[in-house]
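One-based numbering along the sequence shown.
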Amino acid sequence: MKKKIFMLMATALTLTMVGCSSKKEEAKASKDEPVTIKIANYALLESGYTEYWESIEKKFEEKHPEYNIEWVTAPYGEITNQVINMAGGGDPVDIVFAEGSWVPTYEDAGLATPITDILSDEFLDDFYDNALEANKIGDDIYAVPLYMSPYLLYYNKDIFEKAGLDPDNPPTTYEEMLEAAEVISKLKTDDGNKIYPFGQTTASVPISGSSLTAMVYNFGGHILNDDGTLNQDTKELKETINMLEELDEKGYNPQNAKLKDLRNLFALGQLAMYYDQSWGFNGVRSINDKAVDFTASAAPLKGGSGEGESIIQEQVFILKDNGDERKEGTREFVEFLISKENLEDYMTNITPAFPVKKSMADMPGVVESPILQGAADSLETAKATPQVAGMDDLNLELCTLVQAVTVSNTPIDKAVNDYLKVNKELLEQ
């Protein structure tokens with residue numbers, strides 16, 4: 001290509017000075033065209049988020065006219081396939097707005113670049129260590145978090161009062177939860193609908209497996225060892241499954257519910273307590289804008305010998321190095337967005353969450369949040385889980401295990417043995 005350009009330049013020596021001037025102006029205009037940064041973002045299609053992301057686009061392009069944002073959109077469950085298909089067609093995106101659990105999939109597909117190759121040391125030094133650790137695979141960090149949360153316990157203060165329970169003193173253990181659940185199970189809504197006492201998602205989607213993993217941590221256990229191998233000590237796992245079996249047998253937990261189902265029931269006053277990421281409240285509020293009046297949060301429950309540990313959940317940016325110009329634009333956009341200036345309103349009024357940067361720890365909208373206050377200390381016991389390829393498949397197998405016991409009435413020992421065998425094969429692939 002360069003040889004062709006030099007030949008054309010030699011021929012052009014016979015042209016007039018006016019012609020040469022015209023060519024130079026054309027080249028300058030071409031060079032001054034904004035560099036396009038492609039960002040995959042499913043949230044643009046979800047009510048409650050669109051206006052925010054469009055405003056970020058406008059603010060960024062006003063500050064950095066040398067760049068142009070091009071959104072790549074698809075529904076939540078389809079955005080990864082969209083990104084992979086585009087990459088296969090030679091049209092890779094630069095940034096993906098994603099769940100933290102997606103990171104191994106992108107890294108395994110070669111669609112994630114270590115963030116230290118793109119972002120500045122000064123910027124990354126401001127992050128809490130565990131916030132970055134949650135996105136580590138091997139020796140490298142493959143995503144940068146925007147905000148984080150454990151799986152916290154949301155509860156309905158109005159239902160607690162109706163049941164004669166103290167809304168300022170929610171359960172702290174699974175035993176206390178079961179005592180409260182027994183009372184709540186006798187209640188109905190004003191229009192006669194059932195009120196479920198407790199919600200834990202068990203549907204066959206990866207995010208349910210992630211939430212179930214957090215519940216195993218509540219009991220003091222873990223699914224994967226630090227080196228990414230499968231934990232063969234199933235004591236805490238079985239304690240967790242026993243609790244889920246009891247909740248199912250008593251009709252306390254909506255069977256095979258997705259998180260969106262639990263959010264809907266909670267918004268309608270038909271669910272007293274449930275586990276969710278902090279930002280799940282936005283889904284509740286989109287159904288019932290008065291939910292803020294009856295919603296409170298608490299730390300994850302303590303089970304068995306556990307101390308109510310949970311796992312760190314994050315929404316992240318996965319980054320891809322697509323050449324120097326786009327790489328620099330990627331850095332500018334990420335460092336522009338993950339700032340107090342551009343996230344405080346989002347984390348206060350749209351998506352309740354905890355900050356990942358030390359300089360953002362004192363944001364009033366977070367510190368004073370009536371939604372988050374009850375669970376404010378729960379991050380102290382939240383842990384980063386090992387990231388391995390096929391994490392989504394492992395999460396789905398955990399859902400299958402729970403359903404085998406709660407739906408198919410498979411004995412727990414047999415279901416757990418089947419689960420260990422399948423997951424061992426998955427990890428060895």
For the pair L401 and L237, evaluate side chain to side chain contact (heavy atoms under 4.5 Å, CB included) and give the outcome as yes or no after the intermediate values. CA-CA 10 Å; L401 164 59; L237 174 61; 4.1 Å; yes

Using 30° and 60° as the class boundaries, would you call the ring planes of F333 and F336 parallel, tilted or perpendicular? tilted

Are [X] and [Y] close enough that a side-chain donor and a side-chain acceptor fall under 3.5 Å?
| X | Y | result |
| --- | --- | --- |
| Q255 | T202 | no |
| Y67 | E332 | no |
| N225 | T229 | yes |

Which one of D276, N288, N282, T201 satisfies the side chain to side chain donor-acceptor pair (under 3.5 Å) criterion with R263? D276

Is the shortest distance from a Lys or Arg side-chain nitrogen in [X] or [Y] to a carboxylate oxygen in the other one below 4.0 Å?
| X | Y | value |
| --- | --- | --- |
| E428 | K424 | yes |
| D91 | K38 | yes |
| E328 | R331 | yes |
| D418 | K414 | yes |
| E161 | K157 | no |

From the options T213, N231, V388, select the one residue that forms a side chain to side chain contact (heavy atoms under 4.5 Å, CB included) with L224.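 Testing each of T213, N231, V388 against L224, the sole residue satisfying side chain to side chain contact (heavy atoms under 4.5 Å, CB included) is V388.
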
Test side chain to side chain contact (heavy atoms under 4.5 Å, CB included) applied to S208 and L259, step by step: CA-CA 7 Å; S208 296; L259 265 177; 5.8 Å; no

Donor-acceptor contact present, side-chain [X] to main-chain [Y], <3.5 Å:
| X | Y | value |
| --- | --- | --- |
| E245 | N409 | no |
| Y151 | L212 | no |
| T113 | D321 | yes |
| D293 | T295 | no |

For residues 347-358, run the donor-acceptor check on the side chains, cut-off 3.5 Å, and write out each pair with its distance to 0.1 Å, sequence neighbours left out.
from, atom 1, to, atom 2, distance (Å)
T348, OG1, E344, O, 2.7
N349, ND2, D345, OD1, 2.5
K357, NZ, I338, O, 3.2
K358, NZ, D125, O, 3.4

So how far is it from N253 CG to Y274 OH, rounded to the nearest 0.5 Å?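 The distance works out to 13.0 Å.
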
As an exercise, state the distance from CD of E246 to CD1 of I241, rounded to the nearest 0.5 Å.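 Rounded to the nearest 0.5 Å, the CD-CD1 separation comes out at 13.5 Å.
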
Using side chain to side chain donor-acceptor pair (under 3.5 Å), reason through Y346 and N342 one step at a time and then give a plain yes or no. CA-CA 7 Å; Y346 185 81; N342 290 313; over 6 Å; no

Counting heavy atoms not belonging to K58, are there more than 12 under 6.0 Å from its NZ?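 Not more than 12 within 6.0 Å, no.
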
Any chance NZ of K260 has more than 12 other-residue heavy atoms, nucleotides or ligands included, within less than 6.0 Å? no

Qualifying side-chain hydrogen bond (donor to acceptor under 3.5 Å, both in side chains) pairs, either residue in residues 371-382, two or more places apart: none

side-chain hydrogen bond (donor to acceptor under 3.5 Å, both in side chains) contacts in which one or both residues fall within residues 393-407, not counting sequence neighbours: S204-Q403

When you compare the side chain of E175 with that of K302, does any pair of heavy atoms fall below 4.5 Å?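 No, their side chains stay 4.5 Å or more apart.
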
Can you spot which of Y155, F266, F198 makes a ring pair (Phe, Tyr, Trp, His ring centres under 6.0 Å) with Y275? F198

Test the K290-F294 pair against the cation-pi criterion, namely NZ or CZ under 6.0 angstrom from the six-membered ring centroid and within 45° of the ring axis. no

Quick one: are the ring centres of Y174 and F219 less than 6.0 Å apart? yes

